[in-house]
Amino acid sequence: MNYVPGTSSLIEDIDKKHLVLLRDGRTLIGYLRSIDQFANLVFHQTVERIHVGKKFGDIPRGIFIVRGENVVLLGEIDVDRPCDTVLQQVSIEEILEEQRLEQQAKQETEKVKMQVLKDRGLSIPKADNLDEY
Amino acid sequence: MFRFQSLDDDCTLEEEDEGHVEEEDEIDQFNDDTFGAGAIDDDWQEEHKRLAELDERDGLGAGLGGGGLGGESDLGGADLSSSACRLPPPPSLSALGFSSSSSGLPPQDAEDRAGEGDLAESLARLILDADPAIAGVGAAERPGPPPGSSGPGLSALHRLDQARALPQPSSIPHPSQAHQHPHHTQHQLPAGPSTSGLPPPSSMLSYQQQQHLMRRGPAPMGQMNSHSIWENSMGFGPVSVAPGLVTHMEDSPLMSIIKEVGLPKRPPQGRNDEGRDLSERVPPPRSSSPVIGSPPVRAIPIGTPPKQPMSHALNHQIHHPTAVHVRAPVQHRYPTPFPERLSPNTLLNIANSPLCRGPFPPGVGPVLSQIQRAQLLNSQVAGFPRGGPAPPLLPGSGGFRPFFGGPPPPHGHRMGPPPPHGPPNHTPPIRHNTTHLHPQHRRMLTQRMQSRGGDRGRTGGDRRSRDPYSNLMTQKEKEWVTKIQMMQLQSTDPYLDDYYYQNYYEKMEKRQEKETDSSKKEHTTKLITPQVAKVEHTYRPVQFAGSLGKLTVSSVNNPRKMIDAVVTTRTDDEEKREKQVWNKRRQILYTVEKMYSLLLEVQDFEKRFVQAPEEDRESLLEQHKNNTVQLCNSLREKEWEDRVSDEQCVMIMSVRKGKRLISRILPFLPAPQAAAVVMAIARNLPALAKKDKQDQVLCWLVEPVSAVIQSLSSSTLTDLLQDLQGSEGQLASVLHNKFGVTLLYLILSEGERMQSSDPNCQLMDDNRWTELVFSVTRELLSVPSSSLSPPLFVPPNLLSLFSRYVDRQRLELLQDKLQISDLSR
């Protein structure tokens with residue numbers, strides 16, 4: 001039933017499995033249990049899914065309350081549909097390790113880049129600082 | 001227990017006679033509103049425990065429960081009543097309170113009782129079928145005293161247990177709480193055998209609350225006028241508890257008496273309650289409150305989820321300052337037996353069958369699903385157009401929801417208790433559709449929803465029914481969120497906010513009118529967009545009857561003036577004059593400064609000249625000459641005049657610094673100009689003297705002036721004396737002034753010197769000098785001694801001067817007067 005005719009609301013999404021992407025880049029999957037006017041979300045049986053390359057790992061997190069402003073996108077997961085993904089699930093330790101490596105590699109390249117820019121007298125501010133502006 | 005008492009102590013805002021039931025409701029409502037309806041901590045503790053246990057031993061409970069619950073089923077009849085009879089109602093209340101350890105409060109009790117009542121009823125039906133699942137659930141909780149009371153469903157079971165099992169603890173809180181429930185005793189229904197121990201208190205409660213409701217009926221209406229804002233805002237809490245209570249009460253099969261008592265009172269109260277309930281939900285108007293100036297203190301924080309069933313989700317006007325939004329009343333004639341917050345388990349187990357059925361046929365029994373109930377409510381209230389999986393219940397967009405408060409629409413009352421079975425058979429009378437959506441739009445939407453919802457609803461509902469954690473967000477809460485979202489869509493100016501929408505539907509309407517016959521009203525219903533009433537938000541200060549003036553209380557909406565800044569605008573003329581005066585003075589000062597700098601240069605010349613090397617001396621000399629010239633020039637009023645300007649001199653002398661300047665300049669001026677300056681001084685002495693009253697610096701001029709005088713020729717001297725005497729009465733004023741007297745003496749003594757030293761002096765050539773002296777002496781004699789100011793010094797040869805011109809007698813007089821010592825003789 002449509003609670004808010006003519007508009008869209010999260011009411012219909014309650015008790016359904018969702019995937020939410022947060023502003024800090026985390027991906028959470030869980031059952032949306034409750035919402036409020038700010039689109040704060042209450043997730044149940046939440047799982048944080050970390051993707052590194054073709055692998056992913058799920059970390060069970062329990063109950064999550066996400067502040068509405070930190071949500072980038074939210075989408076319902078159709079549990080009935082067959083999951084035909086090329087991604088390969090690995091264990092938590094492995095995926096965390098992979099993530100760490102990826103993060104490390106990224107930092108290295110970032111460092112090198114910054115150094116090169118510095119040598120040339122340029123500086124590019126980090127994207128997250130621009131948020132405030 | 002502790003909390004209960006402490007909260008009692010704190011909450012003094014409530015009137016005592018209200019009974020502490022409301023107070024406790026209020027108290028608990030804080031908790032509830034903070035954490036969500038039903039999220040009473042013992043609730044979630046219980047539920048958590050239950051769920052945890054459920055996860056662990058799934059099948060275990062079933063076996064245990066069967067036997068236990070079988071015994072419990074009898075509770076519904078005899079045991080409860082017996083236990084009830086044993087315990088007087090207050091202690092039973094307290095027992096309930098005690099059993100819910102952390103927060104066990106009557107409101108919760110009320111709700112639990114409500115839930116218990118409902119559950120009991122449902123139990124009565126289903127237990128008879130000996131559903132093992134329920135038994136299992138019940139049994140799982142049996143062992144040991146639960147730490148706190150559970151959610152409405154199972155807590156009831158607990159209480160049923162504990163009311164029997166723990167009579168002793170109840171006696172402990174009893175004395176402390178006995179005094180708090182005086183009314184309970186008063187309004188006690190006879191705890192007859194027909195009434196169980198628990199229900200009587202609840203029924204009594206409800207009765208009492210009904211009484212309170214009746215009493216409190218007009219209160220919210222009069223919020224504007226009465227000063228009992230506290231009462232009203234606080235009163236909402238307890239008041240709002242009642243309807244839910246009452247409605248739940250009604251369904252308990254164990255409380256037949258209550259039904260009799262409660263029903264007749266409910267409808268009118270229900271209306272008011274709902275109104276009050278709604279107004280409670282309304283955030284206070286952003287504008288100033290007319291009462292005192294500050295927004296009313298809310299017992300419940302703004303924007304908290306609802307606690308009680310709230311069917312008129314969007315039916316109030318947030319801009320409307322009056323708290324009363326008398327909406328079409330909600331007649332919970334056939335409310336669901338399901339309590340507001342059922343644990344997933346209970347819902348799962350108890351309501352499993354109905355849910356699995358999918359769309360419900362009309363005329364379904366009293367065991368309605370949550371969804372069904374919501375739909376019913378909506379249909380009654382003409383709430384949101386809910387198409388969807390229950391077409392028999394709702395005729396698509398049949399619900400017309402008047403959007404605003406204000407006087408209730410005439411058909412509002414008619415909407416009263418609609419037939420629960422099936423949709424209203426008649427098309428509702430044509431009401432103005434004042435919701436946001438254009439009727440065409442709504443029709444399209446509902447069609448869409450139906451088509452989509454139909455094929456999806458079955459599987460989704462199925463899955464959701466199996467999900468033990470579903471429906472954690474109650475219908476109320478969903479409605480509440482929706483309400484907020486819809487409120488944000490209200491618009492005072494639809495054409496501004498949603499121009500294209502308006503235009504599109506206007507066009508569509510026009511098109512339809514052209515196509516179809518205009519007699520078909522339905523098609524060409526005009527869209528009447530909601531007009532949010534623009535209420536005056538100005539602050540009218542509180543006025544007490546019979547008093548003068550208004551009481552001004554500054555608040556956030558009505559800040560008081562800190563500075564009473566008054567703008568004084570001067571007229572143009574005045575300003576001009578003032579400016580001129582200032583400008584002139586500035587000009588003089590400026591001139592003086594410039595001259596000073598020149599003077600300093602001139603004075604320093606000598607020093608520099610001596611120090612400078614040979615080659616530079618000439619240039620220095622040149623410079624010096626220039627400076628001097630410039631200095632002289634500056635005394636001139638106009639560029640081309642040679643004479644020293646009187647006015648300029650006077651102007652300069654009007655400033656103290658100017659006087660000093662002149663005194664320093666005089667030595668450097670060439671003789672004629674110096675003489676001219678002195679003459680100017682003499683001429684304007686009275687004026688200068690007047691200006692000098694404050695400064696008294698004229699006397700600085702004595703030395704340079706005397707130097708100048710001594711260089712004067714006789715004729716010039718005479719002229720000078722003449723000037724000094726000037727017009728009639730000038731001499732008198734001259735004599736008044738110290739400097740003037742001194743100057744006079746200087747002149748005279750110079751004249752005398754001239755005469756005595758040089759027999760050929762031209763002083764006596766004409767009679768002017770003699771005459772002048774004569775007049776001077778005359779003046780001197782005539783002037784009273786007091787007005788004669790003592791000179792700076794007395795030249796010694798004055799006496800000889802006077803002796804020349806006056807006879808002995810006068811001479812002696814003069815001598816005395818002027819105190820000229822007889823020296824030169």
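Labels below follow one simple rule: chain letters A, B, ... track the order of the sequence lines, proteins then strands, and each chain is numbered from 1.
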S.K.: Using every non-hydrogen atom in the two residues, find where Asp15(A) and Asn471(B) come nearest and quote the distance to one decimal.
M.R.: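 Minimum heavy-atom separation between Asp15(A) and Asn471(B): OD2-N, 2.9 Å.
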
S.K.: Name the residue from Ile35(A), Ile14(A), Leu10(A) that meets the side chain to side chain contact (heavy atoms under 4.5 Å, CB included) definition with Lys478(B).
M.R.: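 With Lys478(B) as partner, Ile35(A), Ile14(A), Leu10(A) yield a single side chain to side chain contact (heavy atoms under 4.5 Å, CB included), made by Ile14(A).
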
S.K.: Mind checking the CD-CD spacing from Gln37(A) to Gln485(B)? Nearest 0.5 Å is all I need.
M.R.: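 Answer rounded to 0.5 Å: 8.5 Å.
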
S.K.: Kindly give the heavy-atom pair with the smallest separation between Arg33(A) and Met473(B), and that separation in Å.
M.R.: O-CB, 3.4 Å

